[in-house]
Amino acid sequence: RETALWMVACLLLASLPRGQLDTTCHAFVGETVVLPCTITLPGELTLSKSMLYWQIGTKLVHFFQNGQDSLKGQDEKFHGRTSLFLDQMKHGNLSLKISNVQLWDDAEYSCIYRQTENHQTKKSTIKLNVSALPRIEEPPSPSEQNQIPSGSPVDVPCLAVLPLSFLLLVPLRLWHL
């Protein structure tokens, strides 16, 4: 639920005018996060004449050009975990989805859009904060509760068996008489 709220907040922040402060998103390890990036141009974007870079410094996270993903130079840590909203790109949604978020994904991302026709470039910066899920100690299962704690005397369970075996031997002894 928190993740959904953060995603909505990030998308709302991304829709503010471009003079905005950098956007910050939050995710836990293993979750999927959407890093928002939107641009407003008159009319629809011509994807075949567009380039979109998602980067951390000089590290390539995702690259789109000539109407399709071009992931040959993608950093291997992101291989198979990033995607764009291809059906929404022509309307200006250049957001990046990262699945199975890892601690090393915690970084400042640049979304750089460039029109190849007129070399117009737009850039925004999104900070992703990644946290490990808090570890919750679970109570022991019933089978674990019945186990003998280490360091306890080994002959204790045998004492419980002794009266039972004695009770069985007595009738057997009488039967033989």
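In this chain, residues are counted from 1 in sequence order.
Atom OG1 in T121 sits 5.0 Å away from atom CZ in R114 (nearest 0.5 Å). Here S83 contributes atom OG and L96 contributes atom CG; the two are 7.0 Å apart, rounded to the nearest 0.5 Å. To the nearest 0.5 angstrom, L94 atom CG is 10.5 Å from K122 atom NZ.
Counting only residues at least two apart or in different chains, disulfide bond (SG atoms under 2.5 Å apart) contacts with residues 46-89 are absent. Judged as a side chain to side chain donor-acceptor pair (under 3.5 Å), the pairs with a partner in residues 96-105 (not counting sequence neighbours) are, in order, R81-D105, N100-Q102.
When side chains are defined from C-beta on, T38 does not count as touching P36, because their heavy atoms never get closer than 4.5 Å. Within the 4.5 Å cutoff, no side-chain heavy atoms of H91 are placed close to those of L45. Contact check for M89 versus L84: side-chain heavy atoms found under the 4.5 Å cut-off. No side-chain heavy atom of C111 sits less than 4.5 Å from a side-chain heavy atom of L35.
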Sequence neighbours left out, cut at 3.5 Å: what donor-acceptor pairs do the side chains of residues 58-69 make with other protein atoms?
from: H62; atom 1: ND1; to: T82; atom 2: OG1; distance (Å): 2.7
from: H62; atom 1: NE2; to: D69; atom 2: OD1; distance (Å): 2.8

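Within a 6.0 Å radius of CD in E44, more than 12 heavy atoms belonging to other residues, nucleotides or ligands are found.
Side-chain polar atoms of S50 and Y113 form a donor-acceptor pair below 3.5 angstrom.
Of all the heavy atoms in W54 and C37, the pair that sits closest is CZ2-CB, 3.5 Å. Nearest heavy-atom pair across A132 and V29 is CA-CG2, 4.0 Å. Considering all non-hydrogen atoms of both residues, S110 and K123 come closest at OG-CE, 3.5 Å. Nearest heavy atom pair, residue V34 against residue C25, reads O-SG, 4.1 Å.
Tracing side-chain contacts under 4.5 Å through hydrophobic residues (I, L, V, M, F, W, Y), one reaches V101 starting from I56; they form part of the same cluster. A continuous path of hydrophobic side-chain contacts links M51 to I112 [ILVMFWY only; heavy atoms under 4.5 Å].
Between the side chain of N129 and the backbone N or O of H26, no donor-acceptor pair lies under 3.5 Å.
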